[in-house]
2 protein chains.
Amino acid sequence: MTDTERPAEPERVRAPNIRDVARVAGVSYQTVSRVLNDSPSIRPETLQRVREAIDELGYRPNQAARALVTSRSRTIGVLAAQTVHYGPATSIQAIETAAREAGYRLSITNISSSEYASIKSGLDYLMSQSIEALIVIAPQVRVFEAISDLQIGVPFVTLEATGLSSDHSLWVDQVQGARIATRHLIELGHTEIMHISGPQDWIEAEARMQGFLRELGDADLRTRAPILGDWTASFGYYAGLELLRYQDFTAVFAGNDQMALGFMHACRELGLSVPGDISIVGFDDVPESAHYAPPLTTVRQNFAEIGRRAVALLLGELRGEVEMNHDPVQPELIIRQSTARRP
Amino acid sequence: MTDTERPAEPERVRAPNIRDVARVAGVSYQTVSRVLNDSPSIRPETLQRVREAIDELGYRPNQAARALVTSRSRTIGVLAAQTVHYGPATSIQAIETAAREAGYRLSITNISSSEYASIKSGLDYLMSQSIEALIVIAPQVRVFEAISDLQIGVPFVTLEATGLSSDHSLWVDQVQGARIATRHLIELGHTEIMHISGPQDWIEAEARMQGFLRELGDADLRTRAPILGDWTASFGYYAGLELLRYQDFTAVFAGNDQMALGFMHACRELGLSVPGDISIVGFDDVPESAHYAPPLTTVRQNFAEIGRRAVALLLGELRGEVEMNHDPVQPELIIRQSTARRP
DNA sequence: GGTCGCGATGTGTACGTTCACATCGGCGAC
DNA sequence: GTCGCCGATGTGAACGTACACATCGCGACC
């Protein structure tokens, strides 16, 4: 391809730059720069000429050069785990949209395990992208460690955390969500309620567990040790097979919809009716949960909303604005057909 | 913040650059550059000194400066739709991992609708990021148009497409997958088989439909017009309610697992047994499908594999290597309990 | 009517890196 | 012993943009 025999050929096709535009428009490059950054003091007629030149050449600003000179990467980093799950995926999608609209790009990195090394290497990667802000959607217990270890010098928020480190977290009120789910079961007369939790190192799993335990405590009901799961339907299934051997409970609050699904599968296989014999509540309200067998009573949380808020919060902080709405997003109980009065 | 009254303050904290490292290590900046790009001709002892200086200062190469001078952004663009779905999400995750390992970052953009304008604006955004390669996971019928319109001058692949535009597509053999699903139903004695398809503008929906129709044709069975859905469980549910009023079929091949789930919900609601009265096959093998009621017979496709292959293919192309493995990934029929011999 | 102010535009420089080329010392071949 | 080559390192550019400052013309104010 390179062995062209026409030496007159100028050179490799180079993307037009700001000076090319300036030449075509008959102005200085600085004027073009002003147009690009929509400076107020440009004569309308000049503006017009420059715009035409830009279109004619198909000019696009070079982001790298911009980033270099302004030392602003216009990149938001996202540290994520479990991105194939509905919740994180939905949040990320909202984040992407909000960021793009604000002129920011995203740099996403997935961490595969919740080990410190994995988190650290993920953060390390993000820092090498010179991100301006950070959003964490991951098992967060060790993330805070890593963030301080690495001296992340940028604003950050963690999604879906507890209120513990309030400044940096933005959350659906998981505790509240767990409470309304549990209360619903209690109001239906259930006294022996089991909880299948998410992994211990996910703060929201912890929060849901807390909410569950507190609500039980408030109702003076016996609490039993929650089962620590891994968010998957398979875990719910096998946990169900195991737990249902004793049947010393009549209701289950699952840490998410998938585990609830698996649990219902186990019930079916053991000939137990949901909600006839066992009531079950999930968490998240994934779109499919309305079509489970039976349709699942669950707690809806607005994943997209917290994604958007995260971006708004960070951009505000970058602009030096005062802090914004830190109120937790309120979750909502969606009652379907997997819960019934205690038999 | 800027009105500090200590003029002695040097300046704002500036990230260390290559010259700072050079100074500390007692070498020239070019030597540091060589270390960073692991040039072969460096004395081990010099290498050592430079490495120490890098660690000491916590130096990180400035990607923007790199991109500027090399005019290589080391970014792969991903144009995606429906990223909350299992398939795309899984592929993207694999892409991200593979890209990162190869030293590339990802720029993902979600398109919300399959309208030309939306696709174009997504591509436009990606081009403004000066991506080096492009991966498309989206309704592709109009994407090709947009790609040629915008003169995307970079290598690209579309995931999960048909073999139509073979050079640029990488795919699970959707036609084959649909055929084995359909054949399975035929072998069970079903002769009246319904197909609920994905949206018309998704090429894989089209491919699955083709596979379905061809297999039916080969078996000399009556073909009926597929129903055009939108991938959601809700669509499957409402389509089921509608279609089952006539019950002139005994089996359904759904374009994905979610629609199959919704359809089974409709069956249940109408008092029909799956697989007793109606057999149903899905597509994708989402992790939950093993726990549906009943566990779903479906076609597994390896989303992660095609994600990885896409990256490998593009990186190969960028390096000017010869084309790689274009063979479609073979899908696999997973037989569970939603299909049975025709009653 | 001269100067001040301001709107509109142009000129120099810096950002941090890599590439091309220059330099320098030492070692082997004749 | 000297020439040439090569390994190891250093110097000068250039990438494309935004910021700081300079310049120019024009109307208004006294």
Side-chain angles (χ1 to χ4, degrees), chain A residues 10-51 53-54 57-75 103 127-130 132, chain B residues 2 10-51 53-54 57-75 103 105 127-130 132:
Chain A
E11 71 240 38
R12 183 146 232 102
V13 273
R14 184 178 53 80
N17 65 21
I18 206 175
R19 292 175 201 260
D20 297 326
V21 175
R23 199 175 316 117
V24 170
V27 296
S28 79
Y29 58 85
Q30 174 60 2
T31 302
V32 178
S33 174
R34 274 189 259 267
V35 171
L36 296 175
N37 299 288
D38 37 43
S39 149
S41 54
I42 292 273
R43 215 155 24 117
E45 154 192 335
T46 312
L47 185 77
Q48 172 74 5
R49 271 215 316 261
V50 173
R51 289 238 172 95
I54 287 175
L57 294 175
Y59 166 80
R60 291 171 189 283
N62 182 320
Q63 303 287 352
R66 262 192 181 169
L68 179 59
V69 72
T70 58
S71 62
R72 301 196 47 195
S73 63
R74 296 212 162 260
T75 301
M127 290 315 289
S128 79
Q129 307 292 324
S130 59
E132 290 184 39
Chain B
T2 54
E11 71 241 40
R12 184 146 232 101
V13 273
R14 184 179 54 80
N17 66 21
I18 205 174
R19 292 174 201 260
D20 297 325
V21 175
R23 200 175 316 115
V24 170
V27 295
S28 78
Y29 59 85
Q30 173 60 1
T31 302
V32 178
S33 174
R34 272 188 259 268
V35 170
L36 296 174
N37 298 286
D38 37 44
S39 145
S41 53
I42 293 273
R43 221 161 13 124
E45 155 192 334
T46 313
L47 185 76
Q48 173 74 4
R49 271 215 316 262
V50 173
R51 289 237 172 94
I54 288 174
L57 295 175
Y59 165 81
R60 291 172 190 283
N62 182 319
Q63 302 286 353
R66 257 189 186 172
L68 179 59
V69 72
T70 59
S71 62
R72 300 195 47 195
S73 64
R74 296 212 162 260
T75 301
R105 90 189 82 174
M127 290 315 289
S128 79
Q129 306 293 324
S130 59
E132 291 184 39

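Every chain is numbered from 1, with letters handed out A, B, ... down the list of sequences. Since the model is a prediction, treat every value here as computed from it, not as a measurement.
Over its full length, the helix from C:dG1-D:dC30 to C:dC30-D:dG1 turns its helical axis through 50°, comparing axes from the five pairs at each end and rounding to 10°.
When every heavy atom of B:Ser73 is checked against every heavy atom of B:Ala67, the shortest pair comes out as CA-CB, 4.2 Å. Between A:Leu68 and B:Ala64 the shortest heavy-atom distance is N-CB, 3.9 Å.
Of the inter-residue distances, the one linking A:Arg51 atom CZ with A:Ile42 atom CD1 reads 9.5 Å to the nearest 0.5 angstrom. The distance from atom CG of A:Leu47 to atom OG of A:Ser41, rounded to the nearest 0.5 Å, is 11.0 Å. Taken from CZ in A:Arg66 to CD1 in A:Ile18, the straight-line distance is 8.0 Å, to the nearest 0.5 Å. Rounding to the nearest 0.5 Å places OH of A:Tyr59 at 5.0 Å from CG of A:Leu36.
Taking atom CG of A:Leu47 as the reference point, atom P of C:dG7 lies 17 Å away to the nearest angstrom. When the P atom of D:dA18 is taken as reference, atom CD1 of A:Ile18 falls 5 Å away, rounded to whole Å. One can place CD of A:Glu45 at 8 Å from P of C:dT9, the figure rounded to the nearest angstrom. Taking atom CD of A:Gln63 as the reference point, atom P of D:dT17 lies 10 Å away to the nearest angstrom. The separation between A:Leu68 atom CG and C:dG16 atom P is 7 Å, rounded to whole Å. Note: CG (B:Asp20) to P (C:dG16) measures 8 Å, nearest angstrom. Protein atom CZ of B:Arg19 is 11 Å distant from nucleotide atom C1' of C:dT18, rounded to whole Å. In this structure, CZ of A:Arg74 is placed 15 Å from P of D:dT17, rounded to the nearest angstrom.
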Worked check of side chain to side chain contact (heavy atoms under 4.5 Å, CB included) between B:Gln30 and B:Val27: CA-CA 8 Å; B:Gln30 173 60 1; B:Val27 295; over 6 Å; no
Run the side chain to side chain contact (heavy atoms under 4.5 Å, CB included) check on B:Arg34 and B:Val50 step by step: do they pass? CA-CA 10 Å; B:Arg34 272 188 259 268; B:Val50 173; over 6 Å; no
Assess whether side chain to side chain contact (heavy atoms under 4.5 Å, CB included) is satisfied between B:Asn17 and B:Asn62, documenting all intermediate values. CA-CA 8 Å; B:Asn17 66 21; B:Asn62 182 319; over 6 Å; no
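At the phosphate of C:dT18, OP1 or OP2 sits under 4.0 Å from a side-chain N or O atom of B:Ser33. OP1 or OP2 of C:dT18 sits under 4.0 Å from a side-chain N or O of B:Asn37. Distances shorter than 4.0 Å separate none of the side-chain N or O atoms of B:Asn62 from OP1 or OP2 on C:dC15. OP1 or OP2 of D:dT9 has at least one side-chain nitrogen or oxygen of B:Thr46 nearer than 4.0 Å.
Along DNA chain C, the nucleotide closest to B:Arg34 and the one closest to B:Arg66 are compared, and the more 5′ of them pairs with B:Arg66.
Between the side chains of A:Arg74 and A:Gln63, not a single donor N or O lies within less than 3.5 Å of an accepting N or O.
Taking 3.5 Å as the limit, the base of D:dG16 and the side chain of A:Arg60 contain no donor-acceptor pair of atoms between them.
Heavy-atom distances under 4.0 Å link DNA chain D to B:Val27, B:Ser28, B:Tyr29, B:Gln30, B:Thr31 of residues 24-31 of chain B, given in residue order.
Of the candidate nucleotides C:dT9, D:dG16, D:dT17, C:dT9 has the atom nearest to the side chain of A:Arg43. Side-chain atoms of B:Ala65 lie closest to C:dT17 of the nucleotides D:dG16, D:dA8, C:dT17.
If you check every strand for non-hydrogen atoms under 4.0 Å, A:Ser71 touches nothing.
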